[in-house]
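The block underneath contains the structure these notes are about, expressed in structure tokens.
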Amino acid sequence: MTSDNDRRRGLLARLRERPAARSRGRRRLGAAVRLFAALMLAGGAYTVFAPGAQAQDNPPLTGAAAEGKALFDVSCVTCHGRNAQGVEGRGPSLIGVGAAAVEFQVSSGRMPMARQEAQAHRKPPLFTDEQTRQLAQYIQELGGGPIVPDGENLHEDANIASGGELFRVNCSQCHAFGGGGGALSSGKFAPSLRPATDRQIYAAMLSGPQNMPVFGDNQLRPEQKADIIAYIQETLKQGEDHGGFNLGRYGPSTEGLAIFLVGIVALVFASLWIAGKS
């Protein structure tokens with residue numbers, strides 16, 4: 001009798017366990033279905049919105065920049081890479097250098113370089129002014145950076161006296177007091193400022209080519225840059241040498257050599273004259 005009761009209780013317990021097991025299975029299946037649906041929804045949302053986000057990160061080039069890209073792909077890509085990211089051993093990355101750096105290098109003929117040297121030399125430009133602006137606009141839209149203000153005359157109404165003080169403090173150490181330039185280390189040199197235009201001088205201060213430091217707006221305000229340009233254009237380029245022969249305007253090196261040679265010759269002749277009289 002006890003054995004029959006035990007069998008009945010075991011049967012009832014098993015019957016009660018089966019619905020509980022089925023309930024847990026349904027819950028797991030439901031959770032799996034919901035997870036799958038959530039993943040499908042997330043994937044669909046990504047598919048819909050990802051192209052728009054990509055288009056926003058890489059906006060289309062303007063007309064001038066597109067023309068600049070065409071010029072870049074023909075004349076600059078060999079050294080600076082397909083996307084201006086630079087090529088090791090040939091040319092640096094141009095991402096973030098800004099339109100100012102491009103305008104200075106291209107308008108002065110320093111780029112494209114004829115060959116790899118310690119420093120790029122000034123030469124007749126390969127591109128026209130319009131093409132230079134197009135190249136500069138392309139690099140500007142690639143990564144941003146400093147730009148030169150509009151206009152050709154950037155020193156109008158500037159303070160020449162203030163520009164002279166700023167030039168002597170910040171520029172004369174390398175470009176000499178007369179703006180004739182001078183030698184630096186490792187085969188580099190500070191070029192003469194005589195052929196430089198307003199825009200090239202301004203661009204050089206913003207971009208700091210070669211060994212030149214960068215004079216951003218925190219170092220020299222725009223009006224101070226205009227003062228320096230006014231001093232260079234209105235004073236140094238006038239050809240007035242109130243002290244006499246300028247000796248090429250190379251500063252104390254040529255002056256010291258001239259004084260030494262002239263002085264020695266004068267002393268020799270003075271000594272011979274004195275000896276002859278005695």
Query raised in the report: To the nearest 0.5 Å, how far apart are CG in Asp129 and OG1 in Thr197?
Result: 9.0 Å
Query raised in the report: For Ile95 and Gly143, which heavy atoms make the closest approach, and how far apart are they?
Result: CG2-CA, 4.2 Å
Query raised in the report: Atom CE of Met113 and atom SG of Cys79: how far apart are they, to the nearest 0.5 Å?
Result: 8.5 Å
Query raised in the report: Looking only at heavy atoms, which two atoms of Ser93 and Ala84 are closest? And how far apart?
Result: OG-O, 3.4 Å
Query raised in the report: What's the shortest heavy-atom distance between Gly96 and Pro146, and which atoms?
Result: O-CD, 4.3 Å
Query raised in the report: Would a line drawn from the ring center of His121 to the ring center of Phe189 be shorter than 6.0 Å?
Result: yes
Query raised in the report: Would you call Leu236 and Phe167 a side-chain contact if the rule is heavy atoms closer than 4.5 Å?
Result: yes
Report task. Check Gly98 against Ile139 and note the closest heavy-atom contact, atom names and distance. Result -> O-CG2, 4.2 Å
Query raised in the report: Under a 4.0 Å N-O cut-off, is there an ion pair linking Asp73 with Lys69?
Result: yes
Query raised in the report: Looking at Pro209 and Gln105, what are the two nearest heavy atoms and their distance?
Result: CB-NE2, 3.6 Å
Requested in this report: Measure from the side-chain N and O atoms of Gln134 to the backbone N and O of Leu71, and report whether any donor-acceptor pair falls under 3.5 Å.
Outcome: no
Query raised in the report: Of the non-hydrogen atoms in Asp227 and Ser162, which two are nearest, and what is the gap between them?
Result: OD2-OG, 3.4 Å
Query raised in the report: So, do Arg122 and Gln200 sit near enough that their side-chain heavy atoms are less than 4.5 Å apart?
Result: yes
Query raised in the report: Between the main-chain N or O of Ala161 and the side-chain N or O of Asn159, is there a donor-acceptor pair closer than 3.5 Å?
Result: yes
Query - Donor-acceptor under 3.5 Å (Glu141 side chain, Ala65 main chain) - result: no
Report task. Taking the side chain as every heavy atom from C-beta outward, state whether Leu220 and Ile228 have any atom pair closer than 4.5 Å. Result -> yes
Report summary line: One should read off an interatomic distance between Ile229 CD1 and Glu156 CD, to the nearest 0.5 angstrom, of 13.0 Å
Query raised in the report: Any chain of hydrophobic side-chain contacts (each under 4.5 Å) joining Leu193 to Leu166?
Result: yes
Report task. Please tell me if the side chains of Ser207 and Val97 come closer than 4.5 Å, counting only heavy atoms from C-beta onward. Result -> no
Query - Side-chain donor or acceptor of His155 paired with backbone N/O of Asp198 under 3.5 Å - result: no
Requested in this report: Verify, without hydrogens or angle tests, whether Gln219 (side chain) and Gly216 (backbone) share a donor-acceptor contact under 3.5 angstrom.
Outcome: yes
Requested in this report: Would you check if Ile232 and Arg194 make a side-chain contact, meaning some heavy-atom pair closer than 4.5 Å?
Outcome: no
Query raised in the report: Under a 4.0 Å N-O cut-off, is there an ion pair linking Arg199 with Glu103?
Result: yes
Query raised in the report: Got Ile160 and Thr235 here, is their nearest side-chain heavy-atom distance under 4.5 Å?
Result: yes
Query raised in the report: Lys237 and Tyr231: side chain to side chain contact (heavy atoms under 4.5 Å, CB included), yes or no, with the steps?
Result: CA-CA 9 Å; Lys237 292 187 179 183; Tyr231 175 72; over 6 Å; no
Requested in this report: Check whether any side-chain N or O of Gln140 sits under 3.5 Å from a backbone N or O of Ala99 as a donor-acceptor pair, and report yes or no.
Outcome: yes
Requested in this report: Answer with yes or no whether the hydrophobic clustering places Ile264 together with Ile274; edges join I, L, V, M, F, W, Y residues whose side-chain heavy atoms lie under 4.5 Å apart.
Outcome: no
Report task. Could you walk me through whether Phe215 and Leu206 pass side chain to side chain contact (heavy atoms under 4.5 Å, CB included), step by step? Result -> CA-CA 6 Å; Phe215 293 98; Leu206 286 178; over 6 Å; no
Requested in this report: Go through the steps for Lys225 and Asp217 under the test side chain to side chain contact (heavy atoms under 4.5 Å, CB included), then give the verdict.
Outcome: CA-CA 9 Å; Lys225 291 184 177 69; Asp217 291 343; 3.1 Å; yes
Query raised in the report: Under 6.0 Å from the CD atom of Glu130, do we count more than 12 heavy atoms belonging to anything else shown?
Result: no
Query raised in the report: For the side chain of Gln224 and the backbone of Arg221, is there at least one donor-acceptor N/O pair under 3.5 Å apart?
Result: yes
Report task. Spell out, yes or no, whether Phe72 and Phe104 are grouped together once hydrophobic residues are joined by side-chain heavy atoms under 4.5 Å, including indirect joins. Result -> no
Report task. Compare all side-chain heavy atoms of Ser107 with those of Thr132 and state whether any distance is below 4.5 angstrom. Result -> yes
Query raised in the report: How many angstroms lie between atom NZ of Lys188 and atom SG of Cys174, to the nearest 0.5 angstrom?
Result: 12.0 Å
Report task. Decide yes or no for Pro125 and Val106: does some side-chain heavy atom of the first lie under 4.5 Å from some side-chain heavy atom of the second? Result -> no
Requested in this report: I would like to know whether Val214 and Met205 meet side chain to side chain contact (heavy atoms under 4.5 Å, CB included); could you show each step before the answer?
Outcome: CA-CA 6 Å; Val214 175; Met205 287 190 278; over 6 Å; no
Query - Working for salt bridge (charged side-chain N to carboxylate O under 4.0 Å, His left out), residues Arg115 and Glu117 - result: CA-CA 6 Å; Arg115 58 186 179 274; Glu117 295 180 273; 3.6 Å; yes
Report task. Using the rule that two of Ile, Leu, Val, Met, Phe, Trp, Tyr join whenever any of their side-chain heavy atoms come within less than 4.5 Å, decide whether Met212 and Leu154 are in one cluster. Result -> yes
